[in-house]
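Remarks on the structure that follows.
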Amino acid sequence: MSKLDVLTPQNSQVIFIDHQPQMAFGVQSIDRQTLKNNAVGLAKAAKIFGVPTTITTVETEAFSGYTYPELLDVFPEAPILERSSMNSWDDRKVRDALLGHATAGAGKVVVAGLWTEVCNCTFALSCLADTELEIYMVADASGGTSKEAHDQAMARMVQAGVVPVTWQQVLLEWQRDWANRGSYDAVMALVKEHSGAYGMGVDYAYTMVHKAPQRTAHRGPVRAPVPAE
């Protein structure tokens, strides 16, 4: 396994760490609605490509609240691995889940979580110290208590060997080739919903250039311009 190998659905797994309300309340490094959009987009990408996914939470009922409903909607049957430690690597269930996926070839661990400078950083450093796994930190599906906190945590992790990525980068690396038609339509639907201007551009190209029908069936009238005199 090498960091020169691109991410594929076969060599990857994903872990979501503490995407919970109380943790999100403290995030200041990224707009929180954007953060949720990106995390859910990453989750949907993992589901499209059948990438093994772990969801872990900390002190749900005592402090942090329940995982984003939109994230759970993507994986409604997934187990939630509850912890007491801020460091996910301290929990045996989390270790076993990640190592179990790794034995099947998924040695590249794609990480998104809150907060970057605590739960993400301690997990990444501990996992790297104990294993041969590779860590890919999804910067825009993670958040810190300030931009400085997020940026410095990312820098610290990169110095230790973590690879920084973004959620859409991961999605398109998994897709790799638009000739991969089995996932093409699902990826296009995902970018239309979660990829902002990119998704708007896809809608525009489909409808204006390729004359595809609109995604929304508008049933009301379209009234022509009437210049005012």
Side-chain angles (χ1 to χ4, degrees), residues 5-21 24 27 30-56 66-80 101 104-106 108-114 136-143 163-222:
D5 297 329
V6 300
L7 295 169
T8 69
Q10 293 73 38
N11 68 19
S12 303
Q13 59 176 299
V14 179
I15 181 170
F16 290 95
I17 300 175
D18 305 347
H19 283 90
Q20 299 165 267
V27 169
I30 183 174
D31 174 76
R32 282 166 282 192
Q33 188 61 39
T34 301
L35 170 68
K36 180 189 282 188
N37 173 80
N38 296 347
V40 175
L42 177 64
K44 291 179 178 178
K47 186 167 187 177
I48 288 169
F49 290 99
V51 175
T53 299
T54 301
I55 300 174
T56 183
Y66 295 105
T67 300
Y68 294 159
E70 296 88 347
L71 180 55
L72 295 181
D73 282 344
V74 181
F75 296 108
E77 304 299 326
I80 305 298
H101 297 317
K108 296 179 182 288
V109 183
V110 178
V111 182
L114 308 179
Y136 292 75
M137 190 62 58
V138 188
D140 61 350
S142 303
V163 181
V165 292
T166 61
W167 84 268
Q168 191 166 264
Q169 176 186 359
V170 173
L171 165 70
L172 297 179
E173 215 159 307
W174 284 339
Q175 173 65 24
R176 186 164 181 161
D177 189 334
W178 294 121
N180 294 330
R181 303 303 297 184
S183 52
Y184 179 91
D185 289 341
V187 169
M188 285 294 97
L190 175 56
V191 301
K192 289 175 191 176
E193 184 177 4
H194 287 276
S195 292
Y198 177 29
M200 295 177 203
V202 171
D203 267 333
Y204 180 85
Y206 275 25
T207 56
M208 296 290 105
V209 178
H210 301 293
K211 304 305 178 183
Q214 297 181 67
R215 285 192 292 138
T216 298
H218 176 247
R219 290 183 288 274
V222 177

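We count residues from 1, following the sequence as given.
- Scanning all heavy atoms of the two residues, the minimum distance from Ser183 to Ile48 falls at CB-CG2, 4.1 Å.
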Review point. Does the pair Ser195 and Gln168 meet the rule for a side chain to side chain donor-acceptor pair (under 3.5 Å), with working shown?
Key: CA-CA 8 Å; Ser195 292; Gln168 191 166 264; 2.6 Å; yes
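- Residues Val138 and Val111 fail the side-chain proximity criterion, which asks for heavy atoms closer than 4.5 Å.
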Exercise for review: Go through the steps for Met137 and Val163 under the test side chain to side chain contact (heavy atoms under 4.5 Å, CB included), then give the verdict.
Suggested key: CA-CA 6 Å; Met137 190 62 58; Val163 181; over 6 Å; no
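- Of all non-hydrogen atoms in Ala112 and Ala141, the two that sit nearest each other are CB-O, 3.5 Å.
- Checking side-chain atoms of Asp18 against main-chain N and O of Gln20 turns up no donor-acceptor pair under 3.5 Å.
- At least one side-chain heavy atom of Arg215 sits less than 4.5 Å from a side-chain heavy atom of Asp203.
- Looking only at distances, a side-chain donor or acceptor of Asn180 sits under 3.5 Å from a matching main-chain atom of Gln175.
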Point to revise | Derivation of the side chain to side chain contact (heavy atoms under 4.5 Å, CB included) call for Lys211 and Tyr206 | key: CA-CA 6 Å; Lys211 304 305 178 183; Tyr206 275 25; over 6 Å; no
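- Taking 4.5 Å as the limit, some side-chain heavy atom of Thr67 sits within range of a side-chain heavy atom of Ile55.
- Side chain of Ser142 to main chain of Gly113: a donor-acceptor pair is present (N/O by atom type, distance under 3.5 Å, no hydrogens or angles).
- The CD atom of Glu77 sits 11.0 Å away from the CG atom of Leu72 when rounded to the nearest 0.5 Å.
- No side-chain donor-acceptor contact under 3.5 Å links Glu173 to the backbone of Val170.
- Side-chain contact between Asp140 and Thr34: absent, with no pair of heavy atoms (C-beta onward) separated by less than 4.5 Å.
- Residues Ile17 and Leu114 are not in side-chain contact: their nearest non-hydrogen atoms beyond the backbone lie 4.5 Å or more apart.
- Of the possible donor and acceptor atoms, none in the side chain of His194 sits under 3.5 Å from a partner among the backbone N and O of Ala189.
- Around the OH atom of Tyr184, the shell of radius 6.0 Å holds more than 12 heavy atoms that belong to other residues, nucleotides or ligands.
- Closest of all the heavy-atom pairs between Ala106 and Ser12 is CB-O, 3.3 Å.
- For the pair Leu172 and Trp178, the tightest heavy-atom approach, listed with the atom from each and the gap, is CD2-CH2, 3.9 Å.
- Using a distance-only test at 3.5 Å, with no hydrogens or angles considered, a donor-acceptor pair links the side chain of His218 to the main chain of Gly220.
- Contact of the Trp174 side chain with the Val187 side chain is not registered, since no non-hydrogen atoms from C-beta on lie closer than 4.5 Å.
- Using a 4.5 Å heavy-atom cutoff, the side chains of Val40 and Lys44 are in contact.
- From Asp185, atom CG reaches atom CG of Leu190 across 12.5 Å, with rounding to the nearest 0.5 Å.
- Cation-pi geometry between Lys36 and Tyr68 is satisfied (NZ or CZ under 6.0 Å from the ring centre, within 45° of the ring normal).
- Put simply, the side chain of Thr56 does not reach to within 4.5 Å of the side chain of Ile80, judged on heavy atoms.
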Practice item. Would you sort out whether Tyr136 and Leu7 count as a side chain to side chain contact (heavy atoms under 4.5 Å, CB included), showing the intermediate values? Key: CA-CA 9 Å; Tyr136 292 75; Leu7 295 169; 4.1 Å; yes
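- The minimum heavy-atom distance between Ala46 and Phe75, with the atom names listed, is CB-CZ, 4.2 Å.
- Remark: the backbone N or O of Trp167 is not paired with any side-chain donor or acceptor of Asn38 at under 3.5 angstrom.
- With hydrogens and angles ignored, the 3.5 Å screen pairs a side-chain donor or acceptor of Asn11 with a backbone N or O of Thr8.
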Practice item. Go through the steps to decide whether Leu171 and Leu42 satisfy the test side chain to side chain contact (heavy atoms under 4.5 Å, CB included), and finish with yes or no. Key: CA-CA 7 Å; Leu171 165 70; Leu42 177 64; over 6 Å; no
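- No side-chain donor-acceptor contact under 3.5 Å links Gln13 to the backbone of Thr53.
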